[in-house]
Amino acid sequence: MNETYPFAAIEAKWQAWWEEHGLFATDTAESADKYYCLMMFPYPSGTLHVGHGRNYILGDAVARFMKMRGRRVLTPMGWDAFGLPAENAAIRTGEHPRTHTLRNIAVMKRQLRAWGCMYDWDREVTSCLPDYYRWTQWLFLQFYRRGLAYRGRAAVNWCPSCATVLANEQVVNGACERCDHAVELRQLDQWFFRITAYAQRLLDDLDRLDGWPERVRTMQRNWIGRSEGAEIRFPLVPRTDGRTDPSPAVSCFTTRVDTIYGCTYMVLAPEYPELDALVEGLPEAAAVRAFVEKAGRINAIDRASDELEKNGVFTGRHVVNPYNGERIPLWVGDYVLMEYGSGAVMAVPAHDTRDWVFARRYGLPIRRSIRNPEGEPETDLAREAFTGDGTVVDSGPFSGLPNREAIPQMIAHAAAEGFGEARVHFRLRDWLISRQRYWGAPIPIVYCEACGVVPVPEADLPVELPEDVAFAPTGESPLARAPSFVRTACPRCGAPARRETDTMDTFVDSSWYFLRYLSARDGERAFDTAVCDRWMPVDQYIGGIEHAILHLMYARFFTKVLKDLDLLHVDEPFAHLFTQGMICKRSERDGPLAKMSKSKGNVVDPEPLLAAYGADTVRLYTLFIGPPERDAEWNDAGVEGAHRFLRRLWTRVWDRREALREAAGLRPDPAAMDEAERALYRKLHLAIGKITRDLEGAFHFNTAIAQIMELMNALDDVPLPADAGPQRRALHRAVIETAVLLLSPFAPHIAEELWQELGHSPSVLNAAWPEVDPAALERDTVELAVQVNGRVRGHIRVPASADRAAIEAAALADPQVARWIEGQAVRKVVVVPGRLVNIAAG
RNA sequence: GCCGGAGUGGCGGAAUGGAAGACGCAGCAGACUCAAAAUCUGCCGAGGGCAACCUCGUGGGGGUUCGACUCCCCCCUCCGGCACCA
């Protein structure tokens, strides 16, 4: 041992030792007391900054704590290694994305190790390697076989900057989630996963995920967006010019059938597929076409905004309200979205604010069909719409009903008459997985002129990415320009055929990696159902809130599909979810507080910090910065404070090394302690209890660390002179030894070193987590605050065993207190044993 | 607009309905030093008082309670999600 804290030497020493002894290698053949601790696997972007570090440090601390508590901990790590940045780099530099990616992985792996984060590296998975994506493709085929993967033509989100289509989830306010470029709608043939078939289950099971933050569950509920209503068919008034319509009626979805007698017109989305046919040959056709063309030019960002003025044009056609047989005009309007419902809306301007605005603008009639509730003044429909509940009026047989009661009756009527039925509608869309890019898992499909769409036989997997391709984006996949890849033989008839050239969204890769970890080297199958039965679900998942919808919804969907395929027997993949807050920093001088990111130039590089202070310091500060679920601002001075604490701990051990060694066999005996020693011994066990509760519950590392600091401060109040007796030596040893154990999940290197210095053999991880000795918490006397009318006016010291009457008497007798109740009547005395006395006087 | 979350010293933050501000950072004073750094000791919400102490104080306003940062009602501000969703 050395006088000054040699963090560099001990960190290197213990990192090597842990690795050599395979401390986190876990045998999944056994699952008693299993604890599957999973951190979201990173995209290998190059280097990690301290903001990324929070996730891994948190997870590592949890894993270490659980291991000391006797759990069989599994903490694997891997790489979400497909993705655009590597391909974009390839376009710039010509370097193959794989080379680029694997180099980044090597760097990041070294960084994780330098942070003291330990994983079962034997289970490492890398999603861009054929031994992984082979199984991603295999899973695609299982989905295809079940009808859950399908190819369809649809208006899809196209990002011109990324030169690929995007899933709905990847479009934020009409812009690309990755690059913020406005997204365009294009009609394209694309591959989808039928996640909508699981919408109800994805929604229902959220209620049972009580280990998840409410925030995330709410976000998912919003995203799934279930609404109950009815689908109503409005027959078209037939054409008189001899032409016929593709369908005889226009259907629309509504949650407010109760207002349908107030419907005065109907509006179609500009993208309504049959619109052209509906207006063909009419005098209005030209105006309609011009309108549609203009609406198509509005970019997605503006289109999504509700500030946009509502525009529309009459089509020249009419439909019939099936409830009252009334002829109403059919319009096209840019406020109607093709993506939601059927792309047609029954407009009730009296009871819908958007319809109201549109009707006012174009002079369409506004007709009340719901009266305000009794006692409330009638809404002036010339000034605003009434959207609340009330009584149905002027609605034929339904008049007079409270509107909420009218809804089921009116739906029943539509069903009986055959023009409509109850309908549940979800906002959730099918998951578009095609990407027109190179660096992803190829979709294992072949197109044959004779046989059509043919899945690649499982035995032929993986469909490997070709080596020699031009990466420059053109709007079609780079794979389409690799003839050796495209040209193939039909697996069914052997005739020349061509391969699908799109690759899969990288969220497909990350939807099942937690299963692959459980049998990462299995060459025979994607994952081993028997091992999953033992080890799933993940006990604790830790990651960023930014994945609240995308990744976490997709992984839940996969889990449910795999359960239906009998490959898995859990409904949900992640029993407990912890979403840590972001680490933020002001950019430059007066910049805004923002999430660390390279593009904002506010990243803190861990390397200089590790060199100057060591990994334990960076870990301790990262955990101490604040409650882990909240965002936190990085402060370099705080790092210094964490380092100071570790150095003081080191020095305390060094200063006492003789005494501590001599006290090795001694156990502190509370009966033989003086008052100061008793207080310290009590503090020690209070700390054990508090820290254990903090870590078991909400991972409140910040308060746990504060407890260790308090314990050390309390230790300094009980000196250890050279002639100290064995009792005091034993107590000092107990405090330091326990502090080392309590600290070890956070600062594992120094803990290992001091543990060894105290005469134990490594690893500290194999030591048992300290237990509270209830006897240590007992006190002979306690000090109570005495309040008069809720204000502290004095203090009394009473035997811990004193009863209420004795405490009350002592409180009233206290001279300080007496001053405040003098001349007043004592109305009530509240005694809270162990805490305080409150005297109500006056 | 709807749904979540938050608002406490100069700063990060702590407080099963029971002594607001633990712990840390920054700051101030002192010790050590030729000096500085490091380290150690003390002080550190605001106002008043020579002092013991007193008054005010957890975004604002009401309420429940012997007692409210904590529970209830109303409002303000900030953050996040959803949103022309029919």
Side-chain angles (χ1 to χ4, degrees), chain A residues 4 172-173 213-227 229 252-256 259 266-267 269 303-310 333-337 339-348 351-355 357-358 387 425-427 545-546 548-549 581 593 620-621 624-627 629-642 644-645 647-648 651 690 693 700 702-713 716 783-795 816 819 826-832 834-842:
Chain A
T4 53
V172 178
N173 291 329
E214 190 50 48
R215 185 154 72 120
V216 176
R217 294 197 282 173
T218 303
M219 284 165 74
Q220 294 212 354
R221 279 190 200 102
N222 283 343
W223 188 261
I224 294 169
R226 183 181 197 272
S227 49
C252 69
F253 174 75
T254 177
T255 54
R256 293 295 307 271
T259 64
M266 177 170 253
V267 200
R303 182 77 192 272
S305 152
D306 54 359
E307 258 114 73
L308 187 76
E309 205 166 14
K310 294 168 179 46
D334 56 10
Y335 75 103
V336 177
L337 306 175
E339 310 86 88
Y340 192 80
S342 58
V345 168
M346 63 172 230
V348 184
H351 305 296
D352 181 284
T353 49
R354 296 150 304 176
D355 297 341
V357 170
F358 192 81
T387 56
H425 198 272
F426 292 95
R427 207 191 74 102
I545 187 73
E546 64 273 21
I549 295 170
L593 193 62
L620 195 69
Y621 174 65
F624 189 61
I625 195 166
E629 69 279 6
R630 291 232 288 266
D631 289 351
E633 183 179 351
W634 187 268
N635 172 10
D636 287 328
V639 181
E640 197 106 29
R644 201 141 48 205
F645 172 74
R647 209 162 47 207
R648 281 173 61 206
T651 311
K690 166 85 170 134
R693 283 191 302 276
H700 280 167
N702 55 329
T703 48
I705 291 166
Q707 279 296 312
I708 304 176
M709 290 171 167
E710 278 186 60
L711 179 59
M712 286 297 106
N713 292 344
D716 291 347
E783 197 191 57
L784 303 181
V786 182
Q787 297 180 328
V788 177
N789 293 330
R791 292 168 175 276
V792 179
R793 298 302 186 187
H795 302 268
Q816 290 292 335
R819 273 181 51 209
V826 173
R827 286 182 287 117
K828 186 176 184 179
V829 179
V830 179
V831 176
V832 184
R835 302 289 320 187
L836 52 65
V837 179
N838 190 13
I839 300 163

> Which whole number of Å gives the distance between the P atom of B/U16 and that of B/C11?
Replying inline: 23 Å
> With sequence neighbours left out, what residues match A/Phe426 under ring-ring contact (aromatic ring centres under 6.0 Å, His included)?
Replying inline: none
> Considering only the C1' atoms, how many Å lie between B/C75 and B/C23, rounded to the nearest integer?
Replying inline: 35 Å
> When you measure from the side chain of A/Gln787 to the backbone N and O of A/Leu836, does any donor-acceptor pair fall under 3.5 Å?
Replying inline: no
>> What is the distance, to the nearest angstrom, from the CZ atom on A/Phe426 to the P atom on B/A86?
In response: 13 Å
>> What does the 5'-to-3' dot-bracket notation of RNA chain B look like when only Watson-Crick and G-U wobble pairs under 3.5 Å count, and pairs to other strands show as |?
In response: (((((((..(((.....[....))).(((((.......))))).((((....))))..(((((..]....))))))))))))....
> Expressed as a whole number of Å, how far does the C1' atom of B/G17 sit from that of B/C78?
Replying inline: 28 Å
> Starting at CD of A/Glu546 and ending at P of B/G80, how long is that distance when rounded to a whole Å?
Replying inline: 14 Å
> side chain to side chain contact (heavy atoms under 4.5 Å, CB included) with A/Val786: which residues, sequence neighbours excluded?
Replying inline: A/Ile796, A/Ala811, A/Val817, A/Val837, A/Ile839
> Measuring from A/Gln707:CD to A/Arg693:CZ, what's the distance to the nearest 0.5 Å?
Replying inline: 8.5 Å
> Whole Å only: how far is the CZ atom of A/Arg221 from the C1' atom of B/C82?
Replying inline: 14 Å
> For the pair made of CZ in A/Arg226 and C1' in B/C82, what is the distance, rounded to whole Å?
Replying inline: 18 Å
> Is the shortest heavy-atom distance from the side chain of A/Gln816 to the side chain of A/Val788 under 4.5 Å?
Replying inline: no
> ring-ring contact (aromatic ring centres under 6.0 Å, His included) with A/Tyr340: which residues, sequence neighbours excluded?
Replying inline: A/His425
>> List the residues meeting side chain to side chain contact (heavy atoms under 4.5 Å, CB included) with A/Ala704, not counting sequence neighbours, and say none if there are none.
In response: A/Ile691, A/Asp694, A/Leu695, A/Phe746
> What one-letter contact string describes nucleotides 17-30 of chain B from 5' to 3', where B marks a base within less than 4.0 Å of any protein heavy atom, S marks contact via sugar-phosphate atoms alone, and - marks no contact?
Replying inline: -BB--BBSSS----
Is there any protein nitrogen or oxygen under 3.5 Å from a nitrogen or oxygen in nucleotides 44-53 of chain B, and what are the pairs?
none

> Within this structure, what is the CE-to-P distance between A/Met266 and B/A86, rounded to whole angstrom?
Replying inline: 15 Å
> Counting only N and O atoms by type, is there a donor-acceptor contact under 3.5 Å from the side chain of A/Arg427 to the main-chain atoms of A/Trp223?
Replying inline: yes
> How many Å lie between CD1 on A/Ile708 and C1' on B/A14, as a whole number?
Replying inline: 16 Å
>> Quick check on RNA chain B: between A/Thr255 and A/Asp716, whose nearest nucleotide comes earlier from the 5' end?
In response: A/Asp716
>> Is there a side-chain contact between A/Arg647 and the phosphate of B/A38, meaning an N or O under 4.0 Å from OP1 or OP2?
In response: no
> With sequence neighbours left out, what residues match A/Trp634 under ring-ring contact (aromatic ring centres under 6.0 Å, His included)?
Replying inline: A/Tyr621
>> Could you tell me how far apart A/Asn789 (CG) and B/C54 (P) are, to the nearest whole angstrom?
In response: 14 Å
>> List the residues meeting side-chain hydrogen bond (donor to acceptor under 3.5 Å, both in side chains) with A/Asn789, not counting sequence neighbours, and say none if there are none.
In response: none
> Say you draw a straight line from NE2 of A/His351 to OG1 of A/Thr387; how long is it, rounded to the nearest 0.5 Å?
Replying inline: 10.0 Å
> What distance, rounded to whole Å, do you find between the two P atoms, one in B/C50 and one in B/G59?
Replying inline: 33 Å
>> Going by salt bridge (charged side-chain N to carboxylate O under 4.0 Å, His left out), name the residues that satisfy it together with A/Asp355, two or more places apart in sequence or in a different chain.
In response: none
> Looking only at atom C1', what distance separates B/G18 and B/C2, rounded to whole Å?
Replying inline: 39 Å
>> Taking CZ in A/Arg793 as the centre, count heavy atoms belonging to other residues, nucleotides or ligands within less than 6.0 Å. Is the count above 12?
In response: yes
> Taking only residues two or more places apart in sequence or in another chain, which ones pass ring-ring contact (aromatic ring centres under 6.0 Å, His included) with A/His700?
Replying inline: none
> What does A/Arg215 touch in the nucleic acid at a heavy-atom separation under 4.0 angstrom: a base, only the sugar-phosphate, or nothing?
Replying inline: sugar-phosphate
>> Tell me the interatomic distance from A/Asn222, atom CG, to B/G81, atom P, rounded to whole angstroms.
In response: 11 Å
>> If the glycosidic angle sits within 90 degrees of zero it is syn, else anti. Tell me which applies to B/G9.
In response: syn
> Starting at the 5' end of RNA chain B and moving along, which residue's nearest nucleotide shows up first, A/Lys690 or A/Val345?
Replying inline: A/Lys690
Between the protein and nucleotides 57-59 of chain B, which nitrogen or oxygen pairs come in under 3.5 angstrom?
none

> Okay, side chain of A/Asn838, backbone of A/Val830: is any donor-acceptor separation there less than 3.5 Å?
Replying inline: no
